[in-house]
Protein chains: 2
Amino acid sequence: MATINDVARLAGVGLGTASRVISGKGSVSAKTAERVRRAIEELKYRPSHAARTLPTGASHMIGVYIPMLKGSFYTPILNIIHTELRANGQNMVVAFGSGNGDARKQAMEGLEFLIERGCDGYLLVSDALTEDDIAALGTQASRLVLLNHSLNSIHNQCFSADHHAGGRLAAQALLEMKHRRIAVIAGFATSRDNVARIEGFMAELGNAGIDTSSIPVIDSDFSPEGGWNSAAALIASKHKFTALFCANDEMGVGALSYFQQAGIAVPGKISVIGYDDTATAEYSAPRLTSVHIPWYDVALNGVRWLLNQCYETNKPVKRKFAASVTWRASVARVANGK
Amino acid sequence: MATINDVARLAGVGLGTASRVISGKGSVSAKTAERVRRAIEELKYRPSHAARTLPTGASHMIGVYIPMLKGSFYTPILNIIHTELRANGQNMVVAFGSGNGDARKQAMEGLEFLIERGCDGYLLVSDALTEDDIAALGTQASRLVLLNHSLNSIHNQCFSADHHAGGRLAAQALLEMKHRRIAVIAGFATSRDNVARIEGFMAELGNAGIDTSSIPVIDSDFSPEGGWNSAAALIASKHKFTALFCANDEMGVGALSYFQQAGIAVPGKISVIGYDDTATAEYSAPRLTSVHIPWYDVALNGVRWLLNQCYETNKPVKRKFAASVTWRASVARVANGK
DNA sequence: GGCGAAATTGGTAACGTTTCCAAAAATTCT
DNA sequence: AGAATTTTTGGAAACGTTACCAATTTCGCC
């Protein structure tokens with residue numbers, strides 16, 4: 001691999017001059033610059049990012065961690081971050097969890113990977129980290145944003161949606177369609193986000209005078225498989241219900257698939273409402289009504305805040321994100337007398 | 001950020017000794033090592049990857065490029081690569097395209113990003129690169145693997161499936177179920193992979209005595225939206241058909257969603273067969289019959305071959321990957337008299 | 001207790017860049 | 001033409017690490 005020294009030698013100029021042409025900083029006469037450029041071309045020279053980052057300390061990279069590569073939730077967020085970063089002349093480096101096993105440990109390992117690479121800032125999409133974990137990071141922690149998770153000690157570095165409100169919205173949608181007998185497929189009980197939306201959902205049903213203790217709730221794993229299996233379990237149980245709330249769209253789609261193969265009409269017999277309003281909801285059969293969380297906005301504003309911290313810019317940043325219901329075809333008014 | 005010098009000073013040892021403890025190479029007495037370890041802990045020292053990579057030249061990273069973050073095709077492949085790399089003590093760095101615009105240019109830019117970071121090897125998932133592009137890489141090209149794309153000049157570095165055979169399999173499945181009036185939703189006409197599977201499909205129909213020139217083919221974009229729109233366009237056209245071949249599962253799912261909302265029974269009125277057999281096919285409604293491409297194996301063997309090149313190991317590598325049909329619920333025997 | 005061998009240790013020279021400073025060359029002005 | 005100014009240039013020092021070599025310490029043995 002050719003180095004800047006090779007380039008300088010071939011072009012017959014000094015090291016400093018070559019560096020100036022390559023980095024574009026400082027003045028070089030037009031014809032010297034041209035000679036250097038020809039040498040670069042000739043040698044197929046590419047600056048070494050490692051060598052470059054060493055004297056300056058600036059890597060022009062933002063490190064992002066996501067818990068897994070499966071499912072349709074994390075990658076669109078990654079996509080938003082990537083696009084915004086590139087639009088601002090910065091790069092993205094990603095660390096991944098495996099999606100199973102100890103989520104907190106994986107997040108810390110991923111973060112370590114990113115720190116070793118000397119990123120200018122860090123963006124973590126994980127709800128597994130604790131306040132202590134962040135404290136243990138020391139000074140590193142100042143250029144860090146948490147997406148989809150809120151921690152009191154660094155609340156201004158956290159960007160997320162109000163899931164309690166999101167849960168209430170789901171309940172309101174079902175109540176509006178006169179449903180009173182309702183079942184729930186929840187996500188991981190360890191996920192605060194999940195708990196918040198279930199609590200909001202139950203609170204609203206409670207307000208409507210429904211005995212929430214009798215509502216069947218199955219904890220699942222946010223996957224379509226989980227949704228399928230849970231829907232099957234619900235049907236197999238003696239519970240009767242006319243509507244089902246799924247804590248994310250993937251489980252909703254899994255449930256839809258189960259109902260279709262079991263010959264249970266949606267929304268004829270059972271209405272299904274999902275959560276997140278990801279792309280999956282748009283093209284399921286039937287198309288899935290879902291609580292829309294403006295993840296695009298959440299991620300975008302998180303990135304922008306971080307960009308402000310790292311590169312001393314001053315982009316406007318929003319911190320409140322309102323959920324809403326995206327009506328599609330999977331929720332209908334309850335059939336008479338059911 | 002603490003450096004190895006800070007650690008050495010605090011532990012009261014020389015630079016070399018600290019380095020030996022950290023890297024684990026060379027011998028250090030037990031109690032000195034312990035003092036160094038305490039200093040590391042105390043200072044929250046993390047070795048700088050950039051500084052580390054410079055004297056040795058080994059980055060312990062494999063660079064991977066994928067054309068986009070959308071859809072359910074690329075990320076599972078990324079997941080396989082990641083898992084296998086970690087299992088071998090190596091890391092993954094990923095560059096992403098945007099999914100629209102000039103795919104070839106984006107792939108070259110992504111590769112450049114990876115090369116600048118001095119990866120030990122490169123894994124490109126892109127069918128946009130030409131032989132010339134590879135040639136322009138010079139010596140870099142030797143530690144490179146192409147996934148999902150074949151180039152004659154470096155055929156031993158390419159890992160892909162036989163899509164012509166895959167296309168034939170899709171046709172056989174439909175013929176077996178007595179379908180004779182068939183429509184096709186294809187992917188990008190510029191994708192060789194796509195063209196191969198359509199050609200294989202048509203060839204097989206031709207063998208069965210079907211006039212392939214009369215088969216309606218709509219070129220789309222591999223997305224569910226594309227599938228939905230194309231299905232709608234097909235229904236709106238005067239063509240009558242009992243079966244539909246979609247060049248990937250995402251378009252298949254989009255088509256399924258359209259048929260459901262249009263009140264067209266699948267597989268009652270129209271059978272649909274997808275391609276790739278990704279996770280999407282498993283949980284659509286109805287579950288999508290699809291041509292299974294063993295992408296898991298393709299990717300795994302590509303990684304292993306690359307690992308052999310980069311780290312002088314000798315893992316067994318397979319190069320032939322057989323497609324098959326995964327029967328689910330979206331294809332049925334053609335209704336009598338249709 | 002002293003000798004030789006082995007283990008441990010400290011420090012210098014890389015690695016490929018950027019950033020500076022001083023020197024040289026080009027340009028402007030009188 | 002020469003002085004003053006500006007532009008351009010070359011090279012040393014630094015960034016944080018590893019690899020090597022030489023020096024020192026430790027250990028085993030007679």
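Source: prediction; values computed, not measured.
In terms of modelled atom types and a separation under 3.5 Å, the side chain of B:H49 and the main chain of A:G118 share no donor-acceptor contact. Listed for the A:D120 side chain is no donor-acceptor partner under 3.5 Å among the backbone atoms of A:C310. Side-chain N or O atoms of A:E116 include none that pairs as donor or acceptor with a backbone N or O of B:R46 at under 3.5 Å.
Nearest nucleotide to the side chain of A:V13, out of C:dG16, C:dG10, D:dG10: D:dG10. Among the nucleotides D:dT18, C:dG16, C:dT17, the one closest to the side chain of B:R52 is D:dT18. Relative to the side chain of B:P47, the nucleotides C:dT17, C:dT18, D:dT17 differ in distance, and D:dT17 lies closest. Closest approach to the A:S48 side chain among D:dT17, C:dT17, D:dT9 is made by C:dT17 (side chain taken as heavy atoms from C-beta onward).
When rounded to the nearest whole Å, the span between CD1 of B:I22 and P of C:dG10 equals 14 Å. For the pair B:D6 CG and D:dG16 P, the computed distance is 8 Å after rounding to whole Å. What separates CG of A:L43 from P of C:dG16 is a distance of 13 Å, to the nearest Å. Rounded to whole Å, the distance from CD1 on B:I4 to C1' on D:dA19 is 12 Å. Between B:L15 atom CG and C:dA13 atom P the separation is 13 Å, expressed in whole Å. Counting to the nearest Å, the C1' atom of C:dT17 and the CZ atom of A:R46 are 17 Å from each other. Following rounding to the nearest Å, B:R35 (CZ) and C:dT8 (C1') show an atom-to-atom distance of 12 Å. In this entry the distance linking CD of B:E34 with P of C:dT8 reads 16 Å, nearest Å.
Applying the 4.0 Å criterion to OP1 and OP2 of C:dT18, one finds that A:K25 has every side-chain N and O outside that range. Side-chain N/O atoms of B:S29 include none lying less than 4.0 angstrom from OP1 or OP2 on C:dA7. In this structure, B:S19 does not reach the D:dT17 phosphate: none of its side-chain N or O atoms is under 4.0 Å from OP1 or OP2. Taking only side-chain nitrogens and oxygens, A:T32 comes nearer than 4.0 Å to OP1 or OP2 of D:dT9.
With the nearest nucleotide of DNA chain D identified for both A:G12 and B:T56, A:G12 has the one nearer the 5' end.
Among the heavy atoms of the strands lying under 4.0 Å from A:S27 is at least one base atom, whether or not backbone atoms are also near. Across all strands shown, A:T53 has no heavy atoms under 4.0 Å from either base or sugar-phosphate atoms.
At a threshold of 4.5 Å between non-hydrogen side-chain atoms, the residues A:R52 and A:I4 do not count as touching.
The 12-atom threshold is exceeded at NZ of A:K315, counting heavy atoms of other residues, nucleotides or ligands nearer than 6.0 Å.
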